[in-house]
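Some notes on the structure that comes next.
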Amino acid sequence: TPMGNLESPINLTYIMALLKNSPLNGPINIFTIVILFITMISIGCTMEISKIKAHLFKPKGVAIALLAQFGIMPLTAFCLAKILRLDSIKAVTVLICGCCPGGSLSNIFSLALKGDMNLSIIMTTFSNIAALVLMPLLLYILCRGFPGLENAIPYVGIIIALALVLVPCGIGITINHYKPQYTPPIKKIGLSILIISGIIVFTLSGIIVKDVLWMILTADILVVAALMPLIGFILGYVMSVICRFNSQCSRTISMETGCQNIQLCTTILKVVFTPQVIGHLFLFPLVYITFQCAEALFLVLCFRCYQTFKAQADGKCHSCLCVFF
C-alpha cells in the first residue's frame with residue numbers, strides 16, 4: 001500500500017483483522033462524530049457576530065492566529081517526523097494532528113491563564129474556518145517530503161469532514177445571535193454529553209485494541225506527543241512577544257498554538273481512513289491530548305504560583321513603603 005508496512009506482516013494482519021471485523025467500529029464512528037458536532041456547536045455559541053466583524057476590520061490577531069496555527073504546528077510535526085524517521089503511517093498521523101486547527105481546550109486553558117478570551121475564541125473560530133483550505137494544502141505540501149505519501153492522503157474525505165465541521169459551528173453562532181438565552185444551557189448540556197461520549201469512545205476503542213494497545217506506546221510516538229504541544233506553547237509565546245502583543249495576549253496565543261482540535265483529528269483518523277490503513281494509530285490523539293493537557297496544566301500552575309509570589313512580594317513592598325512614610 002502507499003502507506004507502507006507498520007509492523008511485521010503477522011502483527012499487521014492481526015491488527016487489520018481485529019479492527020475490520022469488530023462490531024464496535026460503527027458505534028465508535030458515530031460517537032466520534034457526535035463529539036466533534038457538539039464541540040463545534042459549543043465553539044459557535046461563544047462567538048458574537050459583532051466581534052467577528054471587529055476582528056475582520058482589525059485582522060492582526062486573526063493573522064497571527066493563522067500564522068501560529070498553520071505555520072508553527074505543521075512545521076513542528078514535519079520536523080519531528082523527519083528527525084525521528086517515522087514510518088509512513090506514523091508520519092501521516094502526526095502530520096494530520098499538526099495541521100489540525102485550534103481546539104476548544106485552548107479556550108479553557110486561556111481562561112485559566114487569565115488570557116484575552118475574545119482573542120482566544122476568535123483564534124479558535126478562524127483557524128477552524130481557514131482549515132477548510134489550509135489543512136489539505138499543507139498536507140499536500142508536507143507529504144511531498146515523505147516517499148509514498150504523495151497520493152496516500154484522502155483529501156476529499158478530509159475536505160468533506162472540515163466542511164461539515166463548519167455546519168455545527170454556524171448553528172452555534174446563529175443560536176448565540178438570535179437566541180442568546182439558550183447559549184449557557186446548550187454549553188452546559190453539551191459539555192456533559194461531550195464528556196460522556198468521550199468516555200464511551202475511548203472505552204470502546206480500548207476494548208477493541210486492548211491486546212495491541214502497547215503498540216501505540218512506542219518511544220517515537222511518545223516523544224512526538226510530548227514535544228509537539230510543548231514546542232507549540234513556547235514558539236507561540238515567543239512569536240507573540242516578537243509581534244509586540246501584551247503578556248495577556250501572549251499567553252492566549254501560546255495556548256491557541258499548542259492546543260490542537262483533537263476531536264477533529266480523531267474523526268479524520270477514525271472515519272476518513274479505513275481501519276486496515278490507520279490501524280491502532282487512531283489512538284494517537286489520545287496520547288497527544290494527555291501530554292497536551294499535562295503540559296498546559298503545568299504552565300497554568302507555574303503562572304498561578306508566579307502571580308501568588310508576585311502579589312505577596314508587592315504586598316510586602318507596599319507595607320514597607322507605608323512604614324517608611
Side-chain angles (χ1 to χ4, degrees), residues 2-4 6 65-103 105-106 123-124 127-128 130-150 152-155 158 161-162 216-239 253-270 272-273 277-279 281-296:
M3 307 297 286
L6 174 62
L66 297 180
L67 180 60
Q69 194 65 56
F70 297 107
I72 291 175
M73 295 308 290
L75 287 177
T76 298
F78 180 83
C79 291
L80 287 174
K82 277 293 186 182
I83 292 170
L84 296 173
R85 298 181 180 179
L86 300 183
D87 59 42
S88 297
I89 184 61
K90 287 182 179 179
V92 78
T93 301
V94 170
L95 286 175
I96 287 173
C97 184
C99 292
C100 275
L105 276 177
S106 60
M123 288 182 70
T124 301
S127 67
N128 278 273
L132 183 62
V133 175
L134 292 179
M135 187 176 179
L137 177 62
L138 285 167
L139 285 171
Y140 176 80
I141 294 171
L142 296 177
C143 284
R144 294 299 197 224
F146 296 89
L149 289 189
E150 296 89 347
I153 304 292
Y155 295 104
I158 290 176
L162 290 167
I216 191 66
L217 301 177
T218 55
D220 51 0
I221 288 295
L222 292 174
V223 169
V224 170
L227 290 181
M228 266 182 68
L230 182 60
I231 293 172
F233 292 141
I234 293 172
L235 293 185
Y237 191 88
V238 170
M239 187 182 70
I253 293 171
S254 172
M255 289 298 106
E256 290 294 330
T257 305
C259 290
Q260 300 297 86
N261 191 331
I262 295 302
Q263 296 91 335
L264 176 61
C265 183
T266 303
T267 302
I268 290 173
L269 293 177
K270 189 69 184 73
V272 176
F273 287 90
V277 172
I278 200 63
L281 283 168
F282 78 91
L283 290 173
F284 173 75
L286 175 61
V287 182
Y288 183 93
I289 198 172
T290 301
F291 281 101
Q292 174 182 280
C293 289
E295 290 164 6

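Just the heavy atoms: all of them, side chains too, but no hydrogens, waters or symmetry mates, feed the values below. As the structure is a computational prediction, the values presented were derived from the model and not from experiment.
Glu256 contributes no side-chain N or O that, together with a main-chain N or O of Gly102, makes up a donor-acceptor pair within less than 3.5 Å. In this structure, the side chain of Ser254 does not engage the main chain of Gly236 through any donor-acceptor pair within 3.5 Å.
Shown here for Ala77 and Gly98, the closest heavy-atom pair between the two residues is CB-CA, 3.9 Å. Taking every heavy atom of both residues into account, Gln260 and Tyr288 meet most closely at CG-OH, 3.5 Å. Of all heavy-atom pairs spanning Ala130 and Phe70, the tightest one is CB-CE1, 4.2 Å.
Taking 4.5 Å as the limit, some side-chain heavy atom of Thr218 sits within range of a side-chain heavy atom of Lys90.
Taking CZ of Phe291 as the start and CG of Leu286 as the end, the distance is 11.0 Å to the nearest 0.5 Å. Atom CE of Met73 is separated from atom SG of Cys100 by 10.0 Å, given to the nearest 0.5 angstrom. Between Leu80 atom CG and Met228 atom CE the span is 7.0 Å, to the nearest 0.5 Å. Between the CD1 atom in Ile72 and the OG1 atom in Thr257 there is a gap of 5.0 Å [rounded to 0.5 Å]. Separating the CD1 atom in Ile262 from the CZ atom in Phe284 is a distance of 7.5 Å, to the nearest 0.5 Å. How far CD1 of Ile141 is from CZ of Phe78: 11.0 Å, rounded to the nearest 0.5 Å.
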Using the rule given for side-chain contact (heavy atoms from CB on, under 4.5 Å), can you reason through Leu86 versus Val224, listing the C-alpha separation, both sets of side-chain angles and the distance that settles it, and then say yes or no? CA-CA 10 Å; Leu86 300 183; Val224 170; 4.2 Å; yes

With side-chain contact (heavy atoms from CB on, under 4.5 Å) as the test, would you mind laying out the steps for Leu134 and Gln69 before giving the verdict? CA-CA 10 Å; Leu134 292 179; Gln69 194 65 56; over 6 Å; no

Could you walk me through whether Met135 and Ile268 pass side-chain contact (heavy atoms from CB on, under 4.5 Å), step by step? CA-CA 12 Å; Met135 187 176 179; Ile268 290 173; 3.6 Å; yes

Full working for side-chain contact (heavy atoms from CB on, under 4.5 Å) between Leu269 and Thr93: CA-CA 7 Å; Leu269 293 177; Thr93 301; 3.8 Å; yes

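Tested against Cys99 for a side chain to side chain contact (heavy atoms under 4.5 Å, CB included), the candidates Leu137, Val94, Leu139 yield a single pass: Leu139. Glu295 pairs in a side chain to side chain contact (heavy atoms under 4.5 Å, CB included) with only one of the listed residues (Thr290, Leu227, Leu230), which is Leu230.
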